[in-house]
K.L.:
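Have a look at this one.
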Number of protein chains: 2
Amino acid sequence: MTRKPARRVTLQDVAKHAGVSRATASLIVRNSPKVAAKTREKVLKSIDELGYVYDRVAANLRSQKSSTIGTIITDVGNTFFSQFLLGVHHELEKYGYTVLLGTTFDSLKNQERLISTMLENRVGGILLCPVSTSSTETVDRLKTLDIPVVVGIRELNELTCDFVGLNYQAGAYLAVNHLIQKGHQQIAFIGGISDSTTWTERMEGYRAAHEDAGLSIDYSLILDSAPTREGGMEAIQKLIQQDRLPKAIFCFSDLIAFGVIIGLRKMGITPGKDIDIVGFDNIPEAEISYPPLTTVSSFAQKTGTAAASLLHNRMQHPEEQRQRIIIEPELIKRDAF
Amino acid sequence: MTRKPARRVTLQDVAKHAGVSRATASLIVRNSPKVAAKTREKVLKSIDELGYVYDRVAANLRSQKSSTIGTIITDVGNTFFSQFLLGVHHELEKYGYTVLLGTTFDSLKNQERLISTMLENRVGGILLCPVSTSSTETVDRLKTLDIPVVVGIRELNELTCDFVGLNYQAGAYLAVNHLIQKGHQQIAFIGGISDSTTWTERMEGYRAAHEDAGLSIDYSLILDSAPTREGGMEAIQKLIQQDRLPKAIFCFSDLIAFGVIIGLRKMGITPGKDIDIVGFDNIPEAEISYPPLTTVSSFAQKTGTAAASLLHNRMQHPEEQRQRIIIEPELIKRDAF
DNA sequence: TTGAAAGCGATACCAA
DNA sequence: TTGGTATCGCTTTCAA
C-alpha cells in the first residue's frame with residue numbers, strides 16, 4: 001500500500017542553489033510580499049532549474065493546517081451521488097481545497113473505516129452522507145471530534161451539526177398528490193430502507209397526501225427494499241406475485257422506479273400505459289427514460305454545492321451557530337411521448 | 001483554504017501516558033510483532049483513553065511513503081467516468097489506498113493545476129484520464145516525474161507509460177457494421193472532438209466498416225461536437241437544418257446519442273422509428289432510455305478496475321516493462337419495445 | 001524488547 | 001528584509 005519515491009528536491013536545496021536561507025525561500029513559495037524583487041527572482045529561477053515541487057504535506061504538518069476535505073458518499077455509481085459530488089467539487093475547487101473521496105456502499109463498517117482514514121489524513125473538514133444504519137456511536141464519535149463536519153442528505157438524530165438535506169416529506173407529498181389528482185385512489189409506495197429518516201419522511205408525505213384527500217392508506221401496498229434498481233425490481237415482482245398491483249406507484253427514488261419499470265416489463269405489464277409511476281430525485285436518466293419519468297427533483301448538484309459551501313463557511317467560522325439547509329423539491333411532470 | 005484545528009493527541013502523549021518510549025508506541029501502532037503483549041495492551045489502552053488518532057501524514061513524511069493515489073478524470077457528472085471511478089475505488093480500496101479526486105472538465109489548465117496539486121500532496125501514484133487537448137508539455141512533465149503514472153481512456157502520443165483503454169476502432173466497426181447489416185447505406189457519425197485519438201480511432205472503425213461493405217463515405221455526414229449531451233443536440237440540429245439527415249446515425253458516445261435523441265424530438269422526428277441510432281459506452285442510462293439504445297459497451301467500471309490494478313502493480317514493481325491493456329468492446333443490441 | 005536522538009520538509013519566531 | 005533555530009508528529013537507527 002505504499003511506495004518510496006526518489007529523493008525530493010527540497011526548499012533547502014533551492015535556498016542553497018539560490019544562495020539564500022531556507023526561511024527566505026519559504027517566504028517566496030508562499031508569495032509573501034516582504035521579500036526583495038531581486039531575491040525573489042533569483043529563487044524562482046532556482047526553483048525552475050531544480051524542478052522543485054512544493055511539499056504541501058510537510059507544510060501542513062508544520063503549520064497545523066489542512067487543504068483537503070474528506071467527502072464520504074454512498075456510491076459514485078449512483079447518479080444522485082455523482083451529481084452531488086459534482087456540486088461539491090465545483091464549490092470546493094473555488095477555495096482551493098482538494099477532495100479525498102470515500103464511498104461507503106451503505107455499509108456502516110466502511111463508514112467507520114473511512115472516517116478514520118479521513119482523520120488520519122488530517123483533512124480540514126468532513127462532508128458526510130451517512131449510511132442508513134448509522135448508529136449513535138457514529139454520532140458520538142463525530143461529536144468528540146474537533147473537526148468541522150457537515151452532514152448531507154440523511155440527517156443523524158441527536159447530532160447537532162450543520163446539515164444539508166431535502167424536504168423529503170414535501171417531495172413525497174407532491175408526488176403522491178400528483179397521482180391522486182390524476183384520479184388514483186390506490187397508490188403503492190415502493191422501495192427504500194424503512195428505518196432510515198429519508199424513508200420515514202417520505203412516508204409522512206405519502207400519509208399526509210392521503211389524509212388531505214380523504215383517502216385511507218392500504219399498508220399492504222407499502223414495500224421497502226434495498227435502495228437500488230435491483231431492489232425496486234424485486235419489490236415490484238413480489239407485489240405482482242401477490243396479485244396486489246395497483247394502478248399507481250410512488251417510488252422511493254428514480255433508481256427504484258427504473259427497477260420497477262424493468263420488473264413490470266418482465267411481467268408483461270406496460271409501465272406508463274397500464275400504470276402511473278412517479279419517481280424521486282430527477283437524475284439525468286429520468287429525462288430520457290421510457291416512459292418519461294415524472295419525478296420530484298431533489299437538485300442533487302445544488303445540494304452538493306450547498307453542503308460544500310456550508311462546510312467551507314464552518315471552517316472559517318467554527319463558532320457560528322449551526323445551520324440547517326433544507327432544499328425544497330419540485331415536481332417534474334413528464335408526459336408520454 | 002486552510003484551518004487550524006485544536007492540538008492533536010500525539011504518539012508522545014500516548015507513550016507518556018502508558019509509561020513507554022515514543023519508539024515503542026510507534027511500533028505498536030504499526031502492528032509490529034516485536035513488542036511484549038503486556039506492553040502492547042497497556043499502550044492500546046492509553047490510545048483508547050486519550051482518543052489518539054494516528055497521523056498518517058506525519059508518518060508518510062518521515063518514512064517517505066504515500067498511501068494516497070491521485071485520480072484525475074474529466075467529469076464526475078458523466079456516467080462513463082463515474083462508472084470508471086467506481087471501478088477504480090473498488091480496486092484501490094483493496095490495497096488500502098485513499099483516493100484524491102480531481103476533475104478537469106476537459107480543460108488543459110485544470111489538468112495542469114490538478115497534476116501539480118497531486119504532486120504537492122505527495123500522492124504515491126497518479127491515474128490520469130487526459131483532456132482531449134493534452135499537449136506535449138503535459139507529456140514531458142509526466143515523463144520527468146519520478147512517480148508512477150497510469151494513463152486511462154485517452155492515450156497520449158509519445159508517452160511511454162502504462163495505459164488502459166478501449167479498442168475504439170473495433171467498437172466503432174461493430175456499431176457501424178451493425179447499421180450496415182440493417183441495410184443502411186448512409187450513416188452519419190456525430191459528436192466528439194475530432195482531434196482526439198478517441199475520435200480518430202472511432203473514425204478509423206467507421207471507415208473500415210464502410211470499406212469492407214464496399215460503401216463510400218459521405219464526409220458531409222461527419223460532424224464533431226463537444227462530448228456532451230448539449231454538443232450532440234446542437235450537432236444534430238445543424239444536420240437537420242442543412243437538410244442532410246440520414247436514416248442511420250453512429251454517435252461518438254451514449255451521451256451524444258441522448259443529445260441527438262432530444263434534438264431529433266425537438267425537430268419533430270421520432271428516433272427509433274424514423275431513424276436508427278447507435279451509441280457508444282453502454283452507460284446505465286442506455287438500458288432504460290427511449291428508444292432503447294443499441295450501443296457498444298466500453299465496460300467503464302472494468303476499465304477503472306484494470307487501470308487501478310495496473311497502477312498498484314506499477315507501484316510495486318517500478319522497473320517492469322510497461323503495459324498496455326486494451327479492453328475489447330461488445331455490441332449491445334436493444335430492440336424497440 | 002525498549003529507549004535516545006536524528007531527521008523527513010516545511011513554517012514560526014525572534015534576532016540581526 | 002534576511003537568517004538561525006526550534007518544531008510539527010512520526011519513523012529510523014543504533015545502543016542498551
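Sequence lines set the chain letters: A, B, ... in the order given, protein chains first and strands last, and positions in each chain run from 1. Fair warning: this is a prediction, and the values are worked out from it, not measured in the lab.
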K.L.:
How long is the straight-line distance from OG1 of B:T103 back to CG of A:L86, given to the nearest 0.5 Å?
P.N.:
7.0 Å

K.L.:
Testing the 3.5 Å rule here: is there a donor-acceptor pair between the side chains of A:R30 and A:S26?
P.N.:
yes

K.L.:
Considering every strand and a 4.0 Å limit on heavy-atom distances, what is the contact class for B:V20: base, sugar-phosphate, or nothing?
P.N.:
sugar-phosphate

K.L.:
Which nucleotides of nucleotides 10-16 of chain D have their base under 4.0 Å from a protein heavy atom (B), which only their sugar-phosphate (S), and which neither (-), written as one string 5' to 3'?
P.N.:
BBB----

K.L.:
Return the value, rounded to whole Å, for the distance between atom NZ of A:K16 and atom P of D:dG4.
P.N.:
14 Å

K.L.:
Taking atom types as modelled and ignoring hydrogens, do the side chains of B:S82 and B:T79 form a donor-acceptor contact shorter than 3.5 angstrom?
P.N.:
no

K.L.:
In whole angstroms, how far is the P atom of D:dG9 from the CG atom of A:N121?
P.N.:
16 Å

K.L.:
Has A:Q64 got a side-chain N or O lying under 4.0 Å from the OP1 or OP2 atom of D:dG9?
P.N.:
yes

K.L.:
Roughly, in whole Å, what's the span from CZ in A:R122 to C1' in C:dT11?
P.N.:
13 Å

K.L.:
Step by step, would you call A:I147 with A:L119 a side-chain contact (heavy atoms from CB on, under 4.5 Å)?
P.N.:
CA-CA 9 Å; A:I147 182 176; A:L119 294 175; 4.0 Å; yes

K.L.:
Are there over 12 heavy-atom neighbours, none belonging to B:E49, within less than 6.0 Å of that residue's CD?
P.N.:
yes

K.L.:
Check the orientation of A:F84 and A:F80. Use parallel for under 30°, tilted for 30 to 60°, and perpendicular for over 60°.
P.N.:
parallel

K.L.:
Under 4.0 Å from any atom of DNA chain C, heavy atoms only: list the residues of residues 34-44 of chain B that qualify, in numerical order.
P.N.:
B:V35, B:A36, B:T39

K.L.:
Work out how much the helix from C:dT1-D:dA16 to C:dA16-D:dT1 bends between its end axes, five pairs an end, to the nearest 10 degrees.
P.N.:
30°

K.L.:
What distance separates A:L311 CG from A:L92 CG, expressed to the nearest 0.5 Å?
P.N.:
7.0 Å

K.L.:
Verify whether one side chain among B:T104 and B:S107 offers a donor that lies under 3.5 Å from an acceptor in the other.
P.N.:
no

K.L.:
Atom CD of A:E93 and atom CD of A:E91: how far apart are they, to the nearest 0.5 Å?
P.N.:
10.5 Å

K.L.:
Rounded at 0.5 Å granularity, tell me how far CZ in B:R40 sits from CG in B:L27.
P.N.:
9.0 Å

K.L.:
For B:F105 and A:H90, take the angle between the two ring planes, folded into 0 to 90°, and tell me which bin it lands in: parallel under 30, tilted 30 to 60, perpendicular over 60.
P.N.:
parallel

K.L.:
Counting only side-chain nitrogens and oxygens, does A:S21 get under 4.0 Å of the OP1 or OP2 atom of D:dT2?
P.N.:
no

